[in-house]
Every structure is written in C-alpha cells, then in structure tokens.
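A short write-up of the structure that comes next.
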Amino acid sequence: MDSLDPQGPIAKDIDGLFRLTLYIATAIFILVQGGLLYAAIRYRDRGERTPEPKQIEGNARLEVIWTVIPVLILASIAVPTVDRIFKYTSCSDDALHIEVIGHQWWFEYAYPDQGFTTANVLVMPTDTEVCLDMASDDVIHNYWIPKLNGKRYLVPGQDTLLLLEATEPGEYWGQCGEFCGLSHAKMRARVIAMTPDDYAVWLAEQQQVAVMPAEGSLEQAGLELFLGGQCVSCHNISGVTAGNPALVDGAIYGPDLTHFASRSVFAGAVLDLDEPGALEDWIDNPPLIKPGSFMPNIDLTQQEIEALAAYLRSLD
Ligand code: HEC
Ligand SMILES: [Cu+2]
C-alpha cells in the first residue's frame, strides 16, 4: 500500500502532480532559506563596526513582484490540479463498470452486466478503464487502493465514483480510508488485475452456479448444515439457497459465497484462505476475530464447523 509507487496511468498522472508540487516547494524552500541565511550572516551585528542600515519605507515595484510571483506559482499548481479533479470525476463511455458497496466491515463488488456479486477481492482486466460506482449500505466508508488512485468516499444515499486502471497484472492492496466503527482497521480490500483473456475466463466461472458436493461426503454434510441453520438467512449461494438476502430491503447480509474458495482472502480481506484453521476459527467465533462483526457466534460444535469449512472450501 504505497502511494509513492504508482502503478497504472491514473496513479502515475496524480503522482506527477504531487512531484510538480514537491519540486516547486523544494525550490522555494531553498531560495527562501538561502536568502534568510545570507541576510543573517551578511548583515549580522558586528558591534561598533556595524554601519547604520539604509532606512527604506515602501517600495511599489518590489511589492508588485512579490505578489505576482506567488500568484504565478499557485496558478501553475492549481491549473493542472483542477484539470485532474474534473478528469477523474467522470468515466468515459466505454469504461467497464463495477459496483462497490461498503458494509461494516467488508466491501461487496457487483458486476451488473454479468449479474453476479462477489466480495473482498475486486477482479479487473489490465489496460482497461474501470469505473467503480460506489455506495454505502450503512455508514461512510472510503475506498482506497494507494497504488492505483487516491481515495474516494462511499456515502449512504449518495453515488460516488472512482476510476482504476492497472497496466501490470498483479495484486494491489487497499484499506477503508474512513473510520467506520469497531472493525474499521480490519476492513481491507484486494484488487487483482488480470490480462483480458484471464479476466474473461474468470468472468465465465463466476457466472456458474455453485458446485454440488458428492452424496455422503463431508462437504454434503456441510451443505445440509448451511441450509438447515442460520447461515442461509444471511448468505447467498447461487443454485443452492432459495432466496438472496441481499435483495431483501434493509436486511443485514454477508458476502455472496457462490465462489467463496476462488477468493484468496476473506472477512474484509484480513484472513487468508490458505492459512490452516483460519476459516474454522472464523466460523467458530467471528466477533472474536473482527470486533462487532455482524456475523454472530452461532455456538457450533467442532464437527459442524469442520463440515461447514469443508463445504465452503469446495466452492471454487
Ligand atoms: C446475521 C447474519 C449472518 C449469519 C447468520 C451468518 N453470517 Fe457469515 N457473514 C455475515 C457477515 C455480515 C459477514 C462479513 C463479516 C465481515 O467481514 O466483517 C459474513 C462473512 C462470512 C464469511 C466470509 C466470507 C467472505 O468472503 O469474506 C463466511 C465464510 C461466512 N460468513 C460463513 C457463514 C456460515 C458458514 C454461517 C452459518 C454457520 C454464517 N456465515 C452465518 C453474516 C452472517
Ligand atoms: Cu469502512
């Protein structure tokens, strides 16, 4: 998460603005401090030998000069800044649209043209302008992927947008940039940029319904627990659950789990799916891992947890 290591054209453009300002400020610093040092040494008090300085009162030409120069300096920063502000507050017509919905404490991503929803990991193609249509389901959040662009607020009742573009395939880390409650620090984001070909494969996979476990397997037992218990009232699994809680107005719901195991990280991108026991610990007691989590501790037995985890791991 390093905004001084910009990746992609938007972040590099903004970084150019930062550097322009930094260079101008550095030049002014050297000039002003140099002048100050020069005056302090050249005109220091030499006791008896100090000549009486020339007394000056008012100088119209000097005053015009030291007003005009700062105006020009500020204008040289303001003009490109205002230009970028407008440039990055609207998307071009052929941009790829992805919706970002902020929740306490995870980011949901909807791909409206393909009709599926995912969470925590935003997948996008490289060399494509991606337009994030952002909203919040509860309080104010802030979407920030430092290597790809600056921050932008997610505000309840308001639509905001943020542009992302990556040139290199890879992982880019992010973090909610606005204090949003107890587990704000554990509300992270992961962006994965793929080549357009890989992205097309990923899209096709995400549009499939969930795989069904084999009859009599541990995964099958997990699926039954999932459908028979509370899980189903908050999570959608396409092809498995009857309704999608995200579509019920005002409902508290969790991430779509249809392709849960295709994501490297979960629970607000703070837990690693490859980490042994991480998923089991999460199912066992979510508020212990993320204070205040809206996924409750359901008091499951170790056996139930293992079956549920096995089932969730099969959802790739
Ligand atoms: C009251 C609603 C609710 C219930 C019931 C519930 N969950 Fe959740 N679940 C959530 C919320 C909210 C999150 C997101 C928590 C966070 O990241 O802060 C979540 C996150 C998860 C995640 C992580 C998903 C991801 O991609 O980040 C898994 C896995 C999960 N739940 C499984 C289950 C299982 C299994 C059950 C049943 C034993 C269950 N949940 C019951 C609300 C619920
Ligand atoms: Cu937040």
Side-chain angles (χ1 to χ4, degrees), residues 1 3 8-11 13-14 17 81-125 127-166 172-181 183-184 186-193 199 203 206-207 234-236 238 244-256 258 263 268-269 294:
M1 296 214 300
S3 52
I10 299 167
D13 192 24
I14 294 172
L17 209 56
T81 302
V82 172
D83 172 64
R84 297 315 190 286
I85 290 173
F86 283 100
K87 192 168 156 192
Y88 297 130
T89 37
S90 60
C91 301
S92 57
D93 290 340
D94 49 359
L96 170 73
H97 284 262
I98 301 174
E99 289 168 12
V100 179
I101 303 126
H103 298 269
Q104 284 174 316
W105 291 275
W106 55 287
F107 288 108
E108 180 177 15
Y109 305 112
Y111 291 67
D113 298 335
Q114 287 76 22
F116 70 85
T117 297
T118 178
N120 300 313
V121 181
L122 173 84
V123 178
M124 64 181 225
D127 295 319
T128 307
E129 181 185 320
V130 177
C131 185
L132 303 181
D133 300 309
M134 310 199 298
S136 170
D137 200 36
D138 36 50
V139 300
I140 297 177
H141 300 278
N142 189 305
Y143 201 68
W144 189 28
I145 310 293
K147 286 191 177 181
L148 297 182
N149 200 340
K151 310 173 173 179
R152 190 68 49 83
Y153 279 114
L154 284 71
V155 185
Q158 197 176 313
D159 295 322
T160 49
L161 65 82
L162 182 70
L163 274 82
L164 297 183
E165 185 167 345
Y172 303 92
W173 291 40
Q175 163 73 43
C176 176
E178 177 68 22
F179 180 71
C180 57
S183 276
H184 157 69
K186 295 190 167 181
M187 179 165 177
R188 298 185 198 155
R190 193 67 57 89
V191 168
I192 295 188
Y199 177 70
L203 267 189
Q206 296 292 313
Q207 289 172 75
C234 294
H235 292 285
N236 182 59
S238 294
N244 183 348
L247 303 176
V248 181
D249 234 14
I252 286 187
Y253 62 94
D256 188 298
T258 311
R263 313 197 278 260
F294 288 99

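This structure is a prediction, so every number in the text was calculated from the model and none was measured.
One distance of note links CZ of R84 with CD1 of I14; it measures 9.0 Å at 0.5 Å rounding. A distance of 7.5 Å separates CG in N120 from OG1 in T118, rounded to the nearest 0.5 Å. Considering OH of Y153 and SG of C176, their distance stands at 9.5 Å, rounded to 0.5 Å. The CD1 atom of I10 sits 8.0 Å away from atom CG of L148, with the distance rounded to the nearest 0.5 Å. Note that SG of C91 and CG of L162 are 8.5 Å apart. Values are rounded to the nearest 0.5 Å. In this structure, the separation between NZ on K87 and OG on S92 is 11.5 Å, given to the nearest 0.5 Å.
You'll find the side chain of Y172 stays beyond 4.5 Å of the side chain of I192, heavy atoms only. Between T258 and F116, the closest side-chain pair of non-hydrogen atoms is not below 4.5 Å. Using a 4.5 Å heavy-atom cutoff, the side chains of H235 and P245 are not in contact. Residues T117 and Y111 form no side-chain contact, since every pair of their non-hydrogen atoms from C-beta on lies 4.5 Å or further apart. F294 is not listed as a side-chain neighbour of C234, based on a closest heavy-atom distance of 4.5 Å or more. Looking only at side-chain heavy atoms (C-beta outward), E129 and L163 come within less than 4.5 Å of each other. Between Y199 and V123 the shortest side-chain heavy-atom distance falls below 4.5 Å. Taking the side chain as every heavy atom from C-beta outward, R188 and M1 never approach each other to under 4.5 Å.
Listed here is the closest heavy atom pair of Q207 and Q114: NE2-CG, 3.6 Å. Considering all non-hydrogen atoms of both residues, A189 and Y109 come closest at CB-OH, 3.8 Å. Closest approach of M187 to C180, counting heavy atoms only: SD-SG, 3.8 Å. In this structure, A119 and R263 approach most closely via the heavy-atom pair O-CD, 3.1 Å.
For the pair R152 (side chain) and L161 (backbone), a donor-acceptor distance under 3.5 Å is present. For the pair Q158 (side chain) and L154 (backbone), a donor-acceptor distance under 3.5 Å is absent.
Annotation: salt bridge (Lys or Arg N to Asp or Glu O under 4.0 Å) contacts involving residues 89-113, sequence neighbours excluded, are absent.
Because its NZ or CZ atom is both nearer than 6.0 Å to the ring centre of W144 and within 45° of the ring axis, K151 counts as a cation-pi partner of that residue.
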Checklist entry - Run the side chain to side chain contact (heavy atoms under 4.5 Å, CB included) check on T128 and E165 step by step: do they pass? => result CA-CA 6 Å; T128 307; E165 185 167 345; 5.9 Å; no
Next on the checklist: Apply side chain to side chain contact (heavy atoms under 4.5 Å, CB included) to residues I98 and V130 and explain how you reach the verdict.
Outcome noted: CA-CA 7 Å; I98 301 174; V130 177; 3.8 Å; yes
Just list the side-chain donor-acceptor pairs under 3.5 Å for residues 132-141, sequence neighbours left out, or say none.
unit_1 : atom_1 : unit_2 : atom_2 : d
D133   : OD2    : H97    : ND1    : 2.8
S136   : OG     : D138   : N      : 3.1
S136   : OG     : V139   : O      : 2.5
D137   : OD2    : H103   : ND1    : 3.4
D138   : OD1    : H141   : NE2    : 2.8
D138   : OD2    : Q104   : N      : 2.9

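Side chains of Y88 and D13: a donor-acceptor N/O pair is present below 3.5 angstrom, by distance only.
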